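None of the values given here were measured: they were computed from a predicted structure. Sequence lines set the chain letters: A, B, ... in the order given, protein chains first and strands last, and positions in each chain run from 1.
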Amino acid sequence: MTSDRGRVNVPLFGGVDGADCRGMSDPIATLSALLAPVFTGLADDGAEADPTVRPSDRADAQVNGALPLAKRIGSNPRELAQAVVDSGALADIASDVEVAGPGFINVTFSPAFLEAQLAEIAADARLGVPPASEELTVVIDYSAPNVAKEMHVGHLRSTVIGDALVRMMSFLGHHVIRENHIGDWGRPFGMLIEHLLDLGEDIAAEGLSQGDLDGFYKAANAKFTDREEFQERARERVVLLQNGDEETLVLWRRLVELSNAYFDRVYRKLGVLLTDDDLAGESRYQPLMEGAYERLEGTGLLVEDDGAMVVFPPGFTNREGDPLPLIFRSRTGAFMYATSDLACVIDRAERLDADLMLYVVGSPQAQHLQMVYDVCKMAGWLVEPRQAIHVGFGNVLGDDRKIMRSRAGKSVKLIELLDEAIERAGDAIAEKNPEMSPGDRAVVAEMVGIGAVKYADLSTDRIKDYVFDWDRMLAFEGNTGPYLQYAHARICSIFRRAGIDRPSVRDSPIALAEPQERALAMRLLALPTALDTTLDSYSPHKLCTYVYELAVDFSAFYENCPVLKADEPTRSSRLALADLTARVLAQALDLLGIEAPEQM
RNA sequence: GCCUCCGUAGCUCAGUGGAUGAGAGCAGCGGGUUUCUACCCCGUCGGUCGCAGGUUCGAGUCCUGCCGGGGGCGCCA
């Protein structure tokens, strides 16, 4: 599958239901693995039977598999459920097991079992998350700003979602190749280079290095529309560029370098992993297009249509209901962006040997990418298990529910948005924690402001549009970045106040007595499952929901279970639980690309 | 016209085919606590899960058809 919601067939993680016992720190997964052979044994038809274990509100977990199995083999679901219970498979891990309703099995885990699982993840630097069973090569294509054009909110989502996916995939041990497919080639460069010459290189460089990319582009564009003489020069310049004229290439490189320096400033401020080493712009694929086109010719898929060379992948039609072509060479003989995308896929498949290619690109590109992938499959360059997936996303909307614009109706500069976030976060901290020094505040404001913007972007289903709202994203209540960061800071505060070094409590046994401790423990153990379900659909908001629920569970614990005032050994146990919580919080936030300050 | 995505509480959003309790936050109302950081907790108010069929032991979730909204649909990328 290659749709937006597509699921991957390759073993990204191993899966909680997998027979190789991955993600086993999660009691739900352990239970599932334990019951799978029991269910299969009870199925006298020889086929496998899924126990279908789910988290439950009525107990710690509910086993639903007896109902479908009873249907399948024609027996009584309650009796089947009872047989599962009688098998004794749960004796070691459950303190309470009951058959309920039409054949559900409610399972309550024994404290000893949960405590043992906690000890295991506390001793594990990976917090219970197993490395992937197979290391895949994953190419992630994201961010992709245009040279000599401003980065605006439209680039925020691709950059932030892509960065989170890079971090998660890397954490699982995959070989991740970041590709920033910048727009550094094409027709506009004639006018941009001519404008650069008109201004004088040094003056242009000064403006661009200050980040005035918009002004530069617009001035060039204005001249292009107004002045025929300029148009002519621009056209000639494009030809020179495409023919590899050395003087022109020098100017082009200058333009690209100035833009990249600016992009880098934005990336540093945003706190994403992209560097100059990840640049893989359109210009890089330019020399590969001829070869890609020739190979496509060799497949016999290409047909001439109205002077252009195209492929008709099945299933796509135009307004008139006729087959819709993907154009690889225009009537005038020029290669198209489909050709470039084709060269990209071939390069990633053959040179990089990518098992998986992720395209973090806006939803409007869905049909185009689907057509490209289909043609690559038809031509034999995208053969299972190798696959390409479009990780699409919706728009950032303003409070008028239209694509976010500045008051003047222009697109919002990303850098200005980030600066405003930091400023607003600084104001909030100054108000709520006046004792913090201005120096500390500046550092924390950056973490909180950027974290708030990123979290707001990541925490809703990527496929939908979302409404950008300063007040909501910076609130300390609700499903926000600051709320999660604050939970982390609170834990650090406990240790600071007590003068205890956090690693020193990591060997302390954790005893689960209060219900809030139990709930927190269950959540801590579910990190591998949360990560697994997140990557199953490349939906970072699922990991966000997990971290939020973890923070809520911690808050209930914090409220009901005094740590420092408790007597030993409860005090040590709670310190260990708090430390583990902070570690999981920080780890999960890191996977989202968000920092976890020690104080706020 | 065709394709595609979305539609869940006043608002912003979650929701793996599982239980005559569909959740969270915010907003509203009432109460409690004010302790390791600004918090948190309890109660309450709120829903024909866009509509109608279908599949299923079981549907917000899967299928079909409508309604409403966004996006895409030939030589830009």
Inset, instruction - Take atom C1' in B/rC75 and the same atom in B/rC62, then report the distance between them in whole Å. - result: 40 Å

Inset, instruction - Indicate, yes or no, whether a donor-acceptor pair under 3.5 Å links the base of B/rC40 to the side chain of A/Asn560. - result: no

Inset, instruction - Answer with base, sugar-phosphate or nothing: what part of the nucleic acid does A/Pro562 contact at a heavy-atom distance below 4.0 Å? - result: base

Inset, instruction - Would you please confirm or rule out a distance under 4.0 Å between OP1 or OP2 of B/rA14 and any side-chain N or O of A/Lys464? - result: yes

Inset, instruction - Would you indicate what A/Gln62 reaches in the nucleic acid, counting non-hydrogen atoms under 4.0 angstrom: base, sugar-phosphate, or nothing? - result: base

Inset, instruction - Using the C1' atom as the reference point in each nucleotide, state the distance between B/rG71 and B/rU48 in Å, no decimals. - result: 30 Å

Legend entry - B/rU56 - base-pair partner by Watson-Crick or wobble geometry, distances under 3.5 Å: none

Inset, instruction - Using a 4.5 Å cut-off on heavy atoms from C-beta on, say whether the side chain of A/Thr581 contacts that of A/Phe557. - result: no

Inset, instruction - Ignoring the backbone of A/Gln367, work out which of B/rC13, B/rC73, B/rC5 is nearest its side chain. - result: B/rC73

Legend entry - Nearest to side-chain heavy atoms of A/Leu324, which nucleotide of B/rG72, B/rC73, B/rC36: B/rC73

Legend entry - Complementary nucleotide for B/rU34 - Watson-Crick or wobble, under 3.5 Å: none

Inset, instruction - Using atom types as modelled and distance alone, determine if a side-chain donor or acceptor of A/Ser539 lies under 3.5 Å from a backbone N or O of A/Lys542. - result: no

Legend entry - Minimum-distance nucleotide (side-chain atoms of A/Lys432 versus B/rA38, B/rG15, B/rU16): B/rA38

Legend entry - For the student: nearest non-hydrogen atoms of A/Val360 and A/Tyr142, plus distance: CB-CB, 3.8 Å

Legend entry - Contact summary for A/Leu326 and A/Pro313, nearest pair of heavy atoms: N-CD, 4.4 Å

Legend entry - Upstream residue (5' side of RNA chain B) when A/Gln599 and A/Tyr337 are each assigned their closest nucleotide: A/Gln599

Inset, instruction - Look at the side chain of A/Met336 and decide which nucleotide, out of B/rG72, B/rC75, B/rC36, has an atom nearest to it. - result: B/rC75

Legend entry - Any A/His368 side-chain N or O less than 4.0 Å from OP1/OP2 of B/rC73: no

Legend entry - Paired nucleotide for B/rG28 [Watson-Crick or G-U wobble; both distances under 3.5 Å]: B/rU44

Inset, instruction - Specify the separation, in whole Å, of atom CG of A/Leu369 and atom P of B/rA77. - result: 15 Å

Legend entry - Residue pair A/Ala556 / A/Gln516: nearest heavy atoms and the distance that separates them: O-CG, 3.7 Å

Legend entry - Nucleotide nearest A/Arg54 when distance is taken to its side chain, options B/rG74, B/rU16, B/rC39: B/rU16

Legend entry - Interatomic distance, A/Leu474 CG vs B/rU12 C1' [rounded to whole Å]: 15 Å

Inset, instruction - Return the value, rounded to whole Å, for the distance between atom CG of A/Asp26 and atom C1' of B/rU16. - result: 13 Å

Inset, instruction - When you get a sec, tell me which of B/rC36, B/rA24, B/rG18 is the closest nucleotide to the side chain of A/Tyr548? - result: B/rA24

Legend entry - Rounded C1' spacing from B/rA77 to B/rU55 in Å: 44 Å

Inset, instruction - Send over the distance from A/Arg401 CZ to B/rG7 P, rounded to a whole Å. - result: 12 Å

Legend entry - Identified pairing partner of B/rA22, criterion: Watson-Crick or G-U wobble below 3.5 Å: none

Legend entry - Distance below 4.0 Å between A/Arg319 side-chain N/O and B/rG74 OP1 or OP2: yes

Legend entry - Options B/rC26, B/rG74, B/rG18, nucleotide nearest the side-chain atoms of A/Glu477: B/rC26

Inset, instruction - Please state how far atom CG in A/Asp461 lies from atom C1' in B/rC6, giving the value in whole angstrom units. - result: 10 Å

Inset, instruction - Assess whether one donor atom and one acceptor atom, taken from the side chain of A/Asp305 and the base of B/rG74, lie less than 3.5 Å apart. - result: yes

Inset, instruction - Give a yes-or-no answer on whether the side chains of A/Tyr285 and A/His181 include a donor-acceptor pair shorter than 3.5 Å. - result: no

Inset, instruction - Both distances under 3.5 Å, Watson-Crick or G-U wobble: report the partner of B/rG74, or none. - result: none

Inset, instruction - Taking only the side-chain heavy atoms of A/Val310 (C-beta and beyond), determine which of B/rC36, B/rG74, B/rA38 contains the nearest atom. - result: B/rG74

Legend entry - Shortest side-chain distance from A/Ile327, nucleotide among B/rC2, B/rG18, B/rC75: B/rC75

Inset, instruction - Take the protein atom CZ of A/Arg58 and the nucleotide atom P of B/rA22, then report the distance between them rounded to whole Å. - result: 10 Å

Legend entry - Nearest-angstrom distance, C1' atom, B/rU61 to B/rG7: 14 Å

Legend entry - Whole-angstrom distance between B/rG58 and B/rA19, as gauged at atom P: 14 Å

Legend entry - Given RNA chain B, 5'-ward residue of the pair A/Phe316 and A/Ala308, judged by closest heavy atom: A/Phe316

Legend entry - Distance between P atoms of B/rC11 and B/rU44 (Å, rounded): 23 Å

Legend entry - Length of the line joining A/Leu520:CG and B/rC36:P, which is rounded to integer Å: 20 Å

Legend entry - Side-chain donor/acceptor of A/Asn433 to base of B/rA38, under 3.5 Å: yes

Legend entry - Check: B/rA19 base within 3.5 Å donor-acceptor of A/Asn106 side chain: yes

Inset, instruction - With heavy atoms under 4.0 Å as the rule, sort A/Val563 into base, sugar-phosphate or nothing. - result: base

Legend entry - P atoms of B/rA27 and B/rC67, separation to the nearest Å: 40 Å

Legend entry - B/rC5 versus B/rC26 - spacing of their P atoms, nearest Å: 34 Å

Legend entry - Minimum heavy-atom distance between A/Asp579 and A/Arg502, given as atom pair plus value: OD1-NE, 2.8 Å

Inset, instruction - Report the distance from atom CG of A/Leu69 to atom C1' of B/rG58, rounded to the nearest whole Å. - result: 16 Å

Inset, instruction - Would you mind classifying the nucleic acid contact of A/Arg497 as base, sugar-phosphate or nothing, using non-hydrogen atoms under 4.0 angstrom? - result: sugar-phosphate

Inset, instruction - Just say parallel, tilted or perpendicular for the rings of A/Tyr466 and A/Phe468, cut-offs at 30° and 60°. - result: tilted

Inset, instruction - Kindly point out which of B/rG74, B/rC36, B/rC40 is positioned nearest to the side chain of A/Asn318? - result: B/rG74

Legend entry - Flag, side chain of A/Thr480 to backbone of A/Phe476, donor-acceptor distance under 3.5 Å: no

Inset, instruction - With a 3.5 angstrom cut-off on both distances, give the Watson-Crick or G-U wobble partner of B/rG65, or none if there isn't one. - result: B/rC51

